Amino acid sequence: MTEQNDWEHEFDHRWANSAEHKEPSARARMLAARWKENPPDPAPFRADPEHTAPRRSSWVSTVVVLGCVAAVIVLLGYAQMRSPY
């Protein structure tokens, strides 16, 4: 009976999550050691893009998509018409 209680206690996630001190992950320890000697440069939250192409309007994108769909439908209809069966 004590072995079963030990097993339940050993793998009880609630007990593990309620621990007062949690060890940082290996990546966190590695970054902390690296940044202690060489701290990272400050960076903005989102960098401004260097240069971007002008955005297409939504109707142009819609026309392109509908044109592709129509072309596929026509192509499939032509293939169906040309097949002997």
Side-chain angles (χ1 to χ4, degrees):
M1 187 89 160
T2 60
E3 290 178 16
Q4 185 177 7
N5 288 339
D6 289 341
W7 178 267
E8 289 174 1
H9 183 69
E10 184 175 350
F11 295 104
D12 186 9
H13 292 289
R14 288 174 293 166
W15 175 79
N17 289 335
S18 67
E20 291 182 22
H21 176 73
K22 294 182 182 179
E23 184 177 336
S25 67
R27 178 167 174 78
R29 291 191 308 265
M30 177 200 65
L31 290 175
R34 182 185 300 171
W35 291 346
K36 188 181 288 186
E37 296 175 6
N38 187 10
D41 296 331
F45 177 69
R46 286 201 176 139
D48 292 331
E50 300 277 335
H51 56 284
T52 58
R55 289 186 52 128
R56 286 186 288 186
S57 65
S58 64
W59 70 269
V60 173
S61 298
T62 303
V63 167
V64 168
V65 169
L66 291 177
C68 290
V69 169
V72 168
I73 290 172
V74 168
L75 183 65
L76 290 175
Y78 179 75
Q80 184 72 24
M81 187 178 70
R82 296 285 297 165
S83 68
Y85 295 103

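Since we're looking at a predicted model, the values are computed, not measured.
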Checklist entry - Which residues pass the salt bridge (charged side-chain N to carboxylate O under 4.0 Å, His left out) test with Arg29, sequence neighbours left out? => result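 Applying salt bridge (charged side-chain N to carboxylate O under 4.0 Å, His left out) to Arg29 gives Glu23.
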Checklist entry - Do Val69 and Val72 belong to the same hydrophobic cluster, where Ile, Leu, Val, Met, Phe, Trp and Tyr are linked whenever their side-chain heavy atoms lie under 4.5 Å apart, directly or via other members? => result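 No, Val69 and Val72 fall in different hydrophobic clusters.
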Checklist entry - Who pairs with Arg82 by side chain to side chain contact (heavy atoms under 4.5 Å, CB included), at least two apart in sequence or on another chain? => result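 Partners of Arg82 by the side chain to side chain contact (heavy atoms under 4.5 Å, CB included) criterion, ordered by chain and then number, come out as Tyr78.
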Checklist entry - How many angstroms lie between atom SG of Cys68 and atom CD1 of Ile73, to the nearest 0.5 angstrom? => result 11.5 Å
Item to check | Single hit among Val65, Leu66, Val64 for side-chain contact (heavy atoms from CB on, under 4.5 Å) with Thr62 | outcome: Leu66
